Amino acid sequence: QVDLAESGGGEVQAGGSVRLSCTVSGVPFRSVGLGWFRQAPGHEREFVAAIAHYGGELWYHDSVKGRATISKDNTKNTLYLEMNGLKPEDTGLYFCVKFSTYSASGDFTTRNVRFWGQGTQVTVSS
């Protein structure tokens with residue numbers, strides 16, 4: 001059974017930072033593509049960042065480029081997302097995902113996702 005368990009969300013002041021973690025089980029961690037999506041109230045889920053299982057290739061949504069870093073620790077089966085310079089528009093429920101396919105252009109959508117975590121809430125106050 002695949003399980004993606006997010007943690008690390010909370011309320012942060014604008015300009016602050018947050019580090020989200022996702023512990024992954026039920027899949028060969030080193031062999032899967034992983035990433036993050038988010039969903040703001042009243043909006044669809046949108047891609048945030050992805051990391052390939054091979055060679056560490058990374059992708060970011062334009063809205064977080066330069067402010068977000070996705071990484072993983074193969075010894076802990078844990079995926080991370082660190083975001084700095086947070087803005088109120090970064091508020092949302094952040095989901096850890098396992099991809100079934102990659103997007104060569106970096107335009108990941110929910111169709112690329114095979115499994116979803118339950119999400120962790122990040123609220124950025126101005």
Side-chain angles (χ1 to χ4, degrees):
Q1 179 177 344
V2 179
D3 186 52
L4 307 172
E6 304 96 334
S7 62
E11 184 164 348
V12 185
Q13 292 281 330
S17 301
V18 69
R19 188 191 196 206
L20 307 181
S21 300
C22 174
T23 302
V24 180
S25 60
V27 293
F29 187 80
R30 295 172 184 264
S31 303
V32 297
L34 300 168
W36 295 91
F37 273 66
R38 67 186 178 187
Q39 186 170 21
H43 291 77
E44 295 184 351
R45 294 184 183 184
E46 68 171 5
F47 168 70
V48 177
I51 183 167
H53 69 282
Y54 59 85
E57 187 168 2
L58 310 175
W59 297 271
Y60 296 97
H61 190 272
D62 285 346
S63 65
V64 303
K65 278 181 181 176
R67 301 189 297 120
T69 302
I70 187 171
S71 62
K72 62 177 183 171
D73 186 335
N74 289 335
T75 67
K76 297 181 179 179
N77 283 14
T78 301
L79 176 73
Y80 301 100
L81 179 69
E82 185 165 359
M83 292 186 64
N84 304 305
L86 286 165
K87 308 173 183 180
E89 51 264 43
D90 292 316
T91 293
L93 190 60
Y94 282 69
F95 298 93
C96 174
V97 303
K98 173 194 172 301
F99 293 106
S100 56
T101 57
Y102 291 121
S103 167
S105 63
D107 294 324
F108 290 86
T109 72
T110 57
R111 291 190 296 273
N112 296 111
V113 177
R114 179 66 179 87
F115 291 106
W116 296 84
Q118 293 297 309
T120 184
Q121 179 69 34
V122 174
T123 302
V124 184
S125 56
S126 57

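Here the structure is a predicted model, which is why all the values come from computation and not from measurement. All heavy atoms count here, side chains included; hydrogens, waters and symmetry mates do not. For reference, positions follow the sequence shown, starting with 1.
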If you round to the nearest 0.5 Å, how far is CG of Asp107 from CZ of Phe47? 9.0 Å
Answer yes or no: is there a donor N or O on one side and an acceptor on the other, between the side chain of Glu57 and the main chain of Ala52, under 3.5 Å? no
Evaluate whether atom CD of Glu89 has more than 12 neighbouring non-hydrogen atoms of other residues, nucleotides or ligands under 6.0 angstrom away. yes
Assess whether atom CD of Gln39 is packed by more than 12 heavy atoms of other residues, nucleotides or ligands within 6.0 Å. yes
Do the side chains of Ser7 and Thr120 get nearer than 4.5 Å, heavy atoms only? no
Let me have the donor-acceptor pairs involving side chains of residues 30-38, under 3.5 Å, with sequence neighbours excluded, atom names and distances please.
residue, atom, partner, partner atom, Å
Trp36, NE1, Tyr80, O, 3.3
Arg38, NE, Glu46, OE2, 2.6
Arg38, NH1, Asp90, OD1, 2.9
Arg38, NH1, Tyr94, OH, 2.9
Arg38, NH2, Glu46, OE2, 3.0
Arg38, NH2, Ser63, OG, 3.3

Does Tyr102 have any side chain to side chain donor-acceptor pair (under 3.5 Å) partners at least two apart in sequence or in another chain, and if so, which? His53
Distance, nearest 0.5 Å, that separates OG of Ser21 from CD of Glu82: 10.0 Å
Minimum heavy-atom distance between Ser17 and Asn84, given as atom pair plus value: OG-OD1, 2.9 Å
Which class fits the ring pair Phe95 and Trp116: parallel under 30°, tilted 30 to 60°, perpendicular over 60°? perpendicular
To the nearest 0.5 Å, tell me how far Cys96 SG sits from Phe115 CZ. 12.0 Å
Atom of Phe29, atom of Leu79 and distance for their closest heavy-atom approach: CZ-N, 4.1 Å
Value rounded to 0.5 Å, distance of CG in Leu86 from CD in Gln13: 11.0 Å
In chain order, what residues pass the salt bridge (charged side-chain N to carboxylate O under 4.0 Å, His left out) check against Asp62, with sequence neighbours excluded? Lys65
As an exercise, state the distance from CG of Asp3 to CD of Gln118, rounded to the nearest 0.5 Å. 8.5 Å
Looking only at heavy atoms, what is the nearest atom pair of Gly9 and Val122, with distance? CA-CG2, 4.1 Å
Closest approach of Ala14 to Ser126 (non-hydrogen atoms, all atoms of both residues): CB-CA, 4.2 Å
Does the side chain of Thr69 come within less than 4.5 Å of Tyr60's, by heavy atoms? yes
